[in-house]
Amino acid sequence: MTDLTTLLNEEQFEAATAPDGPLLILAAAGTGKTRTLVYRVVHLIERGIPPEAIMLLTFTNRAAREMLERAEDVTGGATRGLWGGTFHHVANRFLRKFASKLGFRPDFTIFDAEDQRTLMGNCIKGLGFKPSEFLKRELVLSLISGATNRGLEFEDYAESRIEDTEIPLEQVIKVADEYARLKIQNNGMDFDDLLVNALRLLTEHDDARLFYQEHFQHILVDEYQDTNILQSQFIDTLGSPHKNVSVVGDDFQCIYSWRGSNYDNIMSFPDRYPGTLIVKLEQNYRSLPEILKVANASIKQNKKQFEKTLRSTRASLHAKPTVYSVYSDTEQAARVIEIISKAVSAGYSYDDIAVLYRSHFHSSQIDRELTKSNIPFAVTSGIGFYEQAHIKDILALLRITIFPVEKLALMRVLQLLPGVGAVTVERIWGKLGGVFEVEKENHRKNLLAFLPAKARPFWSAVDVALEEFVANNRSIKAVNDLVDKFINLFYIKHLSQQYDNAEERKDDIFELVADIEQHYDLTEYLANITLKTNVDREKDKKDQTSEETPHVLLSTIHQAKGLEWPVVIVVWLTEGMFPSSRALLEDLSCSEERRLFYVAVTRAKDNLHLFVPRVRFMHGGGRMDCIQSRFIKEIPEELVRNVEFSFNSPGFGGGYSPSYYRRF
DNA sequence: ACCAATCACTTTTTT
DNA sequence: AGTGATTGGT
Ligand SMILES: Nc1ncnc2c1ncn2[C@@H]1O[C@H](COP(=O)(O)OP(=O)(O)OP(=O)(O)O)[C@@H](O)[C@H]1O
């Protein structure tokens, strides 16, 4: 038995060892909510609950894995079989088992954002509408997703969102219907469908519901403030017989309401679950008191919040967070490098440092400067590894060897051939009769015959490789061979024609192959790959390369959720950047943006650096003066140290004393 | 009819 | 950098 009293404080211990029944931990940042949840898992297992009867829901798959690793260490491996992951991950597992109940094949595809756009483009064209300023695919997709994740009727929601615009509601509705039809026809679901259909499975199919209700005796949810209505209903349904539902969250940190997250879920939890044990944690173990003062002062500006006390357990070092006023993007980048170098000379590792920002493109200048300075770093970019064009090309090739109804994948691969475009490929799919099975010789023959003469020599080479792959039972070991041939026979030409970093992309592809070789089952690999995010991947790489070089992380604040670093640098704190201009239009009070700022600040353990550029160089060469972000203005003067760099201050590098930098 | 090359435009956040 | 729209070429 693990002695939890030595690992947790009194309140944490009470929560971790609470008896069966609903439990709510509502507490601000860094108070050990996640840690408490980990030890609740440990406690349940040591109490004799079988691990497969426990479900742990987290915001990223990475978070689940880290938590389970910790629990595994403590329990000596007794967590095997526990279900951990995101809602989408769990929904996917449910749906693979019971797909036929909802009219899907169990090998249904999961469409990523790009697939969704392709499909939506087909809908608009297919209905004879021409994509216009008023009927963009992004728009229709965002209306569909917005309605879905808020549990609203599409027509009502769409109407309310586009009233006072010239967007044609009639057409939007037609297109949305067509999109739904096309997804089913293609045997696929998008991300939202996973949630919708998993919930439908539970509500509409008694046997499936009873099966899972009996299976899961305990449900634990981290980051509960960022769940939406579908997710909370999913949990409520699953947990309704026993109400052994433990949720953890902080309404200050709700930063996904733009996709339907609603912190009313956490606020109304005790009403939905009478008899809830509510535990509040007030001691912050992460940050120095000076950092917490800034965080608390900032979040106080939000009106609709629940008061929470938050005090640091750490001793003050009288090192206030610093606000830097810099001239431009370029100077900002140079000063960030300085801070990183100084932190490293003070004894920190590169791993201890993160640069955080509102939007991906805020990182580009810093990216360049870090490269120039030879400082190791990683960026969590907007497109994930598996979403890159060249990776998706290869995955599409593999998909068509495994799944018979893969229109999108087949279209993608064929369009790589010379002389084959969207129209040809559509016609071929029709002639094939909506199915292509690579192991059937006549299917392959037909495909070759339907291709235009220009493309045929290329494809016949690939065809041979496909045949060999089938002869090798489409085993994991044969993947390398297939991909190698595919690349050398023609794909490499495409790469070098299209991009100037063809070699890099080829390396990526073989990295993908190596990743596939770590798995046993190609079918399963392909079925789940869409759910892998780049945050998950960062962790995969860490696990595999035993000694990865320490590196600075550049990340959006959204992707930094739940993480912590000794040194945190936040850049581009100007009106229009953070808060973002679009947020300014939508919500003048910027409450969600402020919560995002709160999240950024509370990632820091020892040092917090806030950057405010004074000018911004625009696209065409124009210059715009920046206004300091309201989030900086709102911080009382005495809580921060101000450093102003004038444009011509004696060389980048001098000008202020670094003596406040100490290793703690 | 259809493909492919070219140019102009733009940048919130993600499972 | 990557997308979308337009246009010239086969
Ligand atoms: N009782 C404790 N003793 C020592 N360290 C603790 C204790 N509780 C939490 N910590 C440490 O405090 C830090 C923050 O904990 P954790 O990430 O669990 O907090 P959190 O409430 O989930 O934070 P956030 O809301 O910001 O995600 C971690 O480094 C954790 O190890």
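Letters go in sequence order (proteins before strands), and every chain restarts at 1.
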Just call it for [X]: base, sugar-phosphate, or nothing, with non-hydrogen atoms closer than 4.0 Å on any strand.
{"X": "Tyr256(A)", "result": "sugar-phosphate"}
{"X": "Arg137(A)", "result": "sugar-phosphate"}
{"X": "Ala113(A)", "result": "nothing"}
{"X": "Arg117(A)", "result": "nothing"}

Please determine, for the side chain of [X], which listed nucleotide ([options]) has the closest atom?
{"X": "Trp258(A)", "options": "dT13(B), dC3(B), dT11(B)", "result": "dT13(B)"}
{"X": "Arg358(A)", "options": "dT14(B), dC3(B), dT13(B)", "result": "dT13(B)"}
{"X": "His360(A)", "options": "dT13(B), dC2(B), dG2(C)", "result": "dT13(B)"}
{"X": "His558(A)", "options": "dT12(B), dC2(B), dT14(B)", "result": "dT14(B)"}
{"X": "Arg259(A)", "options": "dT15(B), dC2(B), dT13(B)", "result": "dT15(B)"}
{"X": "Thr86(A)", "options": "dG2(C), dT14(B), dT15(B)", "result": "dT15(B)"}
{"X": "Thr556(A)", "options": "dT15(B), dT13(B), dG2(C)", "result": "dT13(B)"}

Nearest-Å distance, [atom1] ([X]) to [atom2] ([N])?
{"X": "Phe597(A)", "N": "dT12(B)", "atom1": "CZ", "atom2": "C1'", "result": "17 Å"}
{"X": "Leu356(A)", "N": "dT12(B)", "atom1": "CG", "atom2": "C1'", "result": "15 Å"}
{"X": "Phe59(A)", "N": "dT13(B)", "atom1": "CZ", "atom2": "P", "result": "14 Å"}
{"X": "Asp190(A)", "N": "dT14(B)", "atom1": "CG", "atom2": "P", "result": "18 Å"}
{"X": "Glu387(A)", "N": "dG2(C)", "atom1": "CD", "atom2": "P", "result": "12 Å"}
{"X": "Arg595(A)", "N": "dT13(B)", "atom1": "CZ", "atom2": "P", "result": "18 Å"}
{"X": "Ile124(A)", "N": "dG4(C)", "atom1": "CD1", "atom2": "P", "result": "10 Å"}
{"X": "Ile255(A)", "N": "dT14(B)", "atom1": "CD1", "atom2": "P", "result": "9 Å"}

Has [X] got a side-chain atom pairing as donor or acceptor with [Y]'s backbone, closer than 3.5 angstrom?
{"X": "Gln225(A)", "Y": "Asp250(A)", "answer": "yes"}
{"X": "Glu369(A)", "Y": "Thr330(A)", "answer": "no"}
{"X": "Glu114(A)", "Y": "Glu387(A)", "answer": "no"}

Taking the six-membered ring of Phe597(A), is the NZ or CZ of Arg358(A) close enough (under 6.0 Å from the centre) and on axis enough (within 45°)?
-> no
Give a yes/no verdict on a cation-pi contact between Lys183(A) and Phe111(A), requiring under 6.0 Å between NZ or CZ and the six-membered ring centre and an angle within 45° of the axis.
-> no
Has Gln559(A) got a side-chain N or O lying under 4.0 Å from the OP1 or OP2 atom of dT14(B)?
-> yes
For DNA chain B, whose closest nucleotide is more 5', that of Gln415(A) or that of Ser581(A)?
-> Gln415(A)
Lys454(A) or His88(A): which one's nearest nucleotide on DNA chain B is closer to the 5' end?
-> Lys454(A)
The residue among Val221(A), Asn92(A), Leu199(A), Thr58(A) that forms side-chain contact (heavy atoms from CB on, under 4.5 Å) with Phe87(A) is Val221(A)
